[in-house]
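Please read these numbers as outputs of a predicted model, since none were measured by experiment.
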Amino acid sequence: MTEAEQEKAPDINALEQEGEIAADYVEGLLDIADIDGDIDMDVEGDRAMVSVVGLKGNELVGPGGEVLEALQELTRLAVHRQTGERSRLMLDVGGYRERRRAELTKLGTEVASQVKDAGEPKSLHPMTPFERKIVHDAVAAAGLRSESEGEEPHRYVVVLPA
């Protein structure tokens, strides 16, 4: 491995530490809220992943994942406070993000097909950065290009013809 590759390679130990800090923080929140759930930790690529599993109900996800996004930001802040480093940690609750990933991949593929057929760009509704990335990846896999436009929190994907 070259020196440049080593600098780009994720520090697995640091990501595991992020996951442990995040898991402790989320577990504390669950205890305070008296919500039963188990915590799973993993490292995927260059991110620590923490999942809350075994929940009954969607109160920690909220409409459109709003509560989950807020919990993720709070958890990232808790990690930052302890490590001094910006965290890209991904928090999932009850498999919401995996289901959402499948929905958005399907949407990106379908819209790419529509844009190929019509030859006209198509704008989608505003999405979170996580959601936009999935759509961009699906559009690229379909052989088209896409861009994000607008300002947060109203940033959206535009799928462009070839």
More than 12 foreign heavy atoms under 6.0 Å from NZ of K106: is that the case here? no
Working to the nearest 0.5 Å, report the span between NZ of K133 and OG1 of T128. 12.5 Å
Min side-chain heavy-atom separation M127-H125 under 4.5 Å: yes
Trace of the side-chain contact (heavy atoms from CB on, under 4.5 Å) decision for D92 with V52: CA-CA 6 Å; D92 194 7; V52 181; over 6 Å; no
So how far is it from E27 CD to I39 CD1, rounded to the nearest 0.5 Å? 5.5 Å
Residues R47, E44: salt bridge by 4.0 Å N-O rule: no
What pair of heavy atoms forms the shortest contact from G19 to A48, and how long is it? N-CB, 3.9 Å
On a heavy-atom basis, the closest approach of L71 and L60 is CD1-O, 3.7 Å
According to a hydrophobic-cluster definition based on side-chain heavy atoms being under 4.5 Å apart (Ile, Leu, Val, Met, Phe, Trp, Tyr only), do M90 and L30 belong together? no
Work out which heavy atom in A22 is nearest to a heavy atom in L89; give both atom names and the distance. CB-CD1, 3.4 Å
A quick test of your reading: do over 12 heavy atoms of other residues, nucleotides or ligands sit less than 6.0 Å from CG of D36? no
Test item: D11 side-chain N/O and L15 main-chain N/O as donor-acceptor pair under 3.5 Å: no
side-chain hydrogen bond (donor to acceptor under 3.5 Å, both in side chains) partner of S87, chosen from R76, Q72, E18: E18
With salt bridge (charged side-chain N to carboxylate O under 4.0 Å, His left out) as the criterion, how do R97 and E69 come out once you've worked through the C-alpha distance, each side chain's angles and the decisive distance to 0.1 Å? CA-CA 10 Å; R97 291 208 190 271; E69 289 295 325; 3.0 Å; yes
When you group the ILVMFWY residues by side-chain heavy-atom contacts below 4.5 Å and let the links chain together, are L74 and V67 in the same group? yes
Can you find a pair of side-chain heavy atoms, one from M49 and one from M41, that are under 4.5 Å apart? no
Between N58 and V61 (side chain of the first, backbone of the second, donor and acceptor by atom type, cut-off under 3.5 Å), is there such a pair? no
Is E85 close to H80 at the side-chain level, that is, under 4.5 Å between some pair of heavy atoms? no
So does G94 get a backbone contact from the side chain of R99, meaning a donor-acceptor N/O pair under 3.5 Å? yes
Is there a chain of hydrophobic side chains (I, L, V, M, F, W, Y, each step under 4.5 Å between heavy atoms) that links L29 to L68? yes
Can you tell which of T75, V50, L91 makes a side-chain contact (heavy atoms from CB on, under 4.5 Å) with Y25? T75
Please round to the nearest 0.5 Å and tell me the distance separating atom CD of Q82 and atom CG of D24. 8.0 Å
Name every donor-acceptor pair, under 3.5 Å, that has one atom in a side chain of residues 142-161 and the other anywhere in the protein, sequence neighbours excluded.
{"from": "R145", "atom 1": "NH1", "to": "E147", "atom 2": "OE2", "distance (Å)": "3.1"}
{"from": "S146", "atom 1": "OG", "to": "H136", "atom 2": "ND1", "distance (Å)": "2.5"}
{"from": "S148", "atom 1": "OG", "to": "R132", "atom 2": "NE", "distance (Å)": "3.4"}
{"from": "S148", "atom 1": "OG", "to": "H136", "atom 2": "NE2", "distance (Å)": "2.8"}
{"from": "E149", "atom 1": "OE1", "to": "Y156", "atom 2": "OH", "distance (Å)": "3.4"}
{"from": "E152", "atom 1": "OE2", "to": "R132", "atom 2": "NH1", "distance (Å)": "3.1"}
{"from": "E152", "atom 1": "OE2", "to": "R132", "atom 2": "NH2", "distance (Å)": "2.8"}
{"from": "R155", "atom 1": "NH1", "to": "G150", "atom 2": "O", "distance (Å)": "2.7"}

Under 4.5 Å between any side-chain heavy atoms of V135 and L124, yes or no? yes
E59 vs I35 side-chain heavy atoms within contact, under 4.5 Å: yes
Rounded to the nearest 0.5 Å, what separates atom OH in Y96 from atom CD in E103? 7.0 Å
